[in-house]
Amino acid sequence: MDNYLDLLNEPQRKAVEATEGPVMVIAGAGSGKTRVLTYRIAHLLNKGVDAFNILSLTFTNKAAKEMKERISSVVGHSEAKNLWMGTFHSVFARILRTEAPLLGYPSDFTIYDQQDAVSVMSKIITEMNLDKDIYKPKQVLGRISQYKNNLITVRAYMNNQTLIEADAEAMKPRMGDIYQAYVERCFKSGAMDFDDLLLRTNEILTRFPDVLSKYQERFKYIMVDEYQDTNHSQYLIVKALASRYENLCVVGDDAQSIYAFRGANIRNILSFQKDYPDAKLYPLEQNYRSSDTIVQAANNIISYNQDQLEKNVWTANDKGDKIAVYRALSDADEARYIASQIWERQISEHLQPKDFAILYRTNAQSRALEEALRKKGISYRVFGGTSFYQRKEIKDMVAYMRLLINQNDEEAFLRVVNYPARGIGQTTISKLLIAADQQKLTLFDLVDNITLLAPTIGINKGTALKLNDFILLIKRFQVMLKTHDVYEVTMEMAKATNFLNALKEDSTPEGISRLENVQELMNSIQGYVEEQQQLEDGDSSLSGFLENIALATDADNEDEDDNKVNLMTVHLAKGLEFPIVFIAGLEENLFPSMMAVNTRAELEEERRLFYVALTRAEKNAYFTYSVSRFRWGKIIDCEPSRFLEEVDDQFLSWKNLHIPTQRNNSGLSSDLFGDTPTSPSQSRSYPSEPRAKSVARQHPNANRPDPIKPKQNFKPIDQAKSASTSSANHLGLMIGQHVVHDRFGRGVVKDLQGDPSDMKAIIHFENAGEKKLLLNFAKLRIIS
DNA sequence: CCCCAACCGATTTTT
DNA sequence: TCGGTTGGGG
């Protein structure tokens with residue numbers, strides 16, 4: 001494809017062609033910024049720039065992957081494959097694998113996620129004998145995150161009287177000590193949290209000029225997407241790297257800045273031209289995505305914000321339908337309305353499930369929506385919430401894996417040292433922690449010498465033996481990792497640690513689902529190894545896999561069957577688009593959030609969030625709200641969102657104005673709204689107790705027929721499939737049989753090895769070649 | 001040391 | 001209503 005420039009409009013083309021020097025592209029919603037970025041990179045490559053010299057920072061890994069594919073289709077795969085693309089976190093995690101030893105970290109450092117960090121923090125707060133109600137672990141971490149994102153190290157904090165006083169005033173005079181303890185603890189564990197990935201990168205670039213120089217030469221061309229959502233730490237990294245060549249192109253839209261709560265600094269984009277006085281500015285104002293009504297309504301909304309760059313988003317698209325507004329009586333009613341709209345429009349307009357998205361402010365709102373969709377038999381997928389990798393059984397399994405590559409990882413150690421139970425209790429752990437601290441050893445090193453040290457610590461011989469066994473177990477697999485692939489090692493480990501048996505014993509629906517999740521983890525390891533082996537610069541190591549899952553976001557997960565209605569928070573919907581979008585829960589204290597109505601800045605961010613939500617829609621949007629909602633275990637009354645009033649009525653079509661605004665108990669009722677309590681006033685005449693019950697009856701878990709939680713956003717296990725899997729195992733596979741595998745396709749069984757309870761099959765696949773599969777896990781279907 | 005029952009807190013958004 | 005944590009009994 002050589003005439004790609006013809007596919008662009010005037011400002012887009014200019015932005016693509018301006019490859020040298022600083023460039024800012026202000027891209028209104030739906031104005032084709034991905035297209036600009038893609039062709040800009042393709043253009044660079046066509047001009048002869050080496051792919052190795054291009055760094056492109058995206059907001060999600062999925063965006064990076066998609067962009068890489070699109071570039072491949074323009075310039076060819078061999079050109080595109082060497083591009084550096086990814087999120088800030090994943091790109092710099094990768095660089096830190098090489099450079100972190102400069103700061104004394106192991107190159108196989110662990111990445112602590114939020115859960116790990118909270119767990120570390122809880123321990124610190126307990127150990128320091130501080131009140132957990134004043135020093136709330138999450139809150140404290142949030143504060144530390146702020147410091148880190150502003151490059152305030154422990155030392156800088158200790159010298160900053162203003163900060164110290166602010167914390168003292170906030171009833172937290174020990175913040176400095178906590179901060180120090182937390183940083184030391186992570187360092188000792190060979191671990192970095194998310195903020196460290198950026199902070200330590202900055203530290204290296206500042207302290208080691210030769211390293212900075214290396215990456216400045218390496219990344220001669222830098223592009224940053226969603227620049228409005230970069231924080232100070234990210235800003236400094238970009239600035240440092242770009243300072244030699246200044247071939248920096250940032251793309252963003254100040255109207256879509258929605259991450260201030262985690263440190264995003266809108267000033268980064270607002271003052272780009274101050275940083276780079278000769279920067280060229282290209283505003284993209286033509287929206288190709290949405291109907292005219294949606295574009296205008298969105299402009300109307302955002303005009304209520306004071307802080308913004310001037311721009312005028314317009315579209316040549318048709319006017320389209322008005323935005324439908326539905327006033328529901330309860331959250332269940334709201335969900336039912338949405339589900340039936342989806343159902344009807346699918347049929348009448350030949351739309352598919354994937355054409356619809358339901359967006360909401362908080363993850364908790366998905367419940368009612370899921371229930372309604374399930375009742376109608378509409379397939380859906382929930383993004384976000386507790387992600388797959390945060391599930392307990394997965395975290396446990398991953399903790400074992402983490403220990404293999406970084407034995408000092410204290411969180412991982414503590415997580416699995418007694419799971420499955422091997423007789424190492426809390427008392428022992430406390431003794432170990434104290435001893436490790438005194439002797440300046442890591443837990444692992446301490447326990448590694450436990451036979452010698454046990455008497456001095458006060459641990460009896462039996463317990464010492466158990467501890468020693470644990471260490472030997474881990475060591476055994478560390479050795480195995482050198483000669484076997486990641487999948488085999490993990491599988492063996494899952495068995496040897498009794499991890500699988502412990503799960504198998506639990507025959508409750510939750511237990512079965514847990515086992516299936518572990519199976520799915522195994523599959524994803526296998527998939528990862530396969531995938532990386534096909535890539536020339538692939539990294540099929542265990543640490544590669546762990547890094548991958550630590551930084552994977554929910555938006556990154558791909559579902560093999562993606563023709564489903566999409567449910568997600570507005571935050572997660574950033575960058576996506578859908579023909580029909582429902583924005584649910586437009587109520588005061590929900591959207592805008594109760595926590596964000598106190599300052600103008602907060603409220604403006606909520607409004608931008610609303611703007612983002614609406615501009616996801618291509619063809620048509622719905623606003624829904626309810627007069628009552630099930631929250632915190634009871635029903636509360638709700639007021640419509642102030643944002644609804646801000647939208648000019650000319651863009652709206654009220655769907656059920658016939659419902660009296662005045663609360664009464666008229667019989668709108670059972671046929672329309674089923675078992676929904678008919679009206680709030682009626683509810684008031686009831687004591688609250690029975691009322692709560694009547695709603696509780698329809699709560700998802702109360703009468704859910706199937707035991708497997710469909711809320712899993714990660715490759716939900718197909719029941720039929722797993723049933724046939726197990727029957728295949730029990731019926732016994734035979735040599736010569738034809739089978740189908742989810743990932744590898746059709747194949748023939750060549751050989752069977754091992755005892756019946758743990759059988760391996762050698763299968764020759766038509767497309768994937770010969771594979772050895774563990775029948776306990778491989779999802780096989782026998783076809784002849 | 002392990003298991004179970006009672007209790008408390010949660011809901012703003014996420015790399 | 002849920003899930004995680006804590007404390008007491010076995």
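This structure is a prediction, so every number in the text was calculated from the model and none was measured. Residue numbers begin at 1 in each chain, while the letters A, B, ... track the order of the sequences.
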Side-chain atoms of A:L572 come closest, of B:dC2, B:dA10, B:dT14, to B:dT14
The side chain of A:N363 lies closest to which of these nucleotides: B:dC1, B:dT14, C:dC2?
B:dT14
A:E588 CD to B:dT11 C1', straight-line distance once rounded to whole Å
17 Å
Out of B:dT14, B:dT13, B:dA10, which nucleotide sits closest to the side chain of A:R262?
B:dT14
The nucleotide from B:dT11, B:dT14, B:dC2 with an atom nearest the side chain of A:N418 is B:dC2
Roughly how many Å is it from OH in A:Y360 to P in B:dT11, rounded to a whole number?
15 Å
Stacking between B:dT14 and A:Y259, yes or no? Criterion: centroid separation under 5.5 angstrom, plane angle under 30 degrees.
no
Closest of B:dT12, B:dT11, B:dT15 to the A:K138 side chain is B:dT11
Think A:N149 has a side-chain N or O under 4.0 angstrom from the OP1 or OP2 of B:dT15?
no
Could you check, using the six-membered ring where one of them is a Trp, whether A:F413 and A:F470 have ring centers closer than 6.0 angstrom?
yes
Among B:dT14, C:dC2, B:dC1, the one nearest any side-chain atom of A:R367 is C:dC2
Under-4.0 Å side-chain N/O to phosphate OP1/OP2 contact, A:T569 with B:dT12
no
With the side chain defined as heavy atoms from C-beta on, A:A421 is closest, among B:dC2, B:dT14, B:dT11, to B:dC2
Among A:D331, A:I635, A:D333, find the one that has a side chain to side chain contact (heavy atoms under 4.5 Å, CB included) with A:S628.
A:I635
Protein-nucleotide distance (A:D396, atom CG; C:dG4, atom P), rounded to Å
11 Å
Cationic N near anionic O, under 4.0 Å, A:R94 to A:E547:
no
Nearest to the side chain of A:T87 - C:dC2, B:dT15, B:dC1?
B:dT15
Looking at B:dT11, B:dT13, C:dT1, which one has an atom nearest to any side-chain atom of A:F630?
C:dT1
Using a 4.0 Å heavy-atom cut-off across all strands, classify A:S90 as base, sugar-phosphate, or nothing.
nothing
Using the side-chain heavy atoms of A:E606, tell me which of these nucleotides is nearest: B:dT12, B:dC1, B:dT15.
B:dT12
What contact category does A:Q114 fall into here, base, sugar-phosphate, or nothing, at under 4.0 angstrom with non-hydrogen atoms?
base
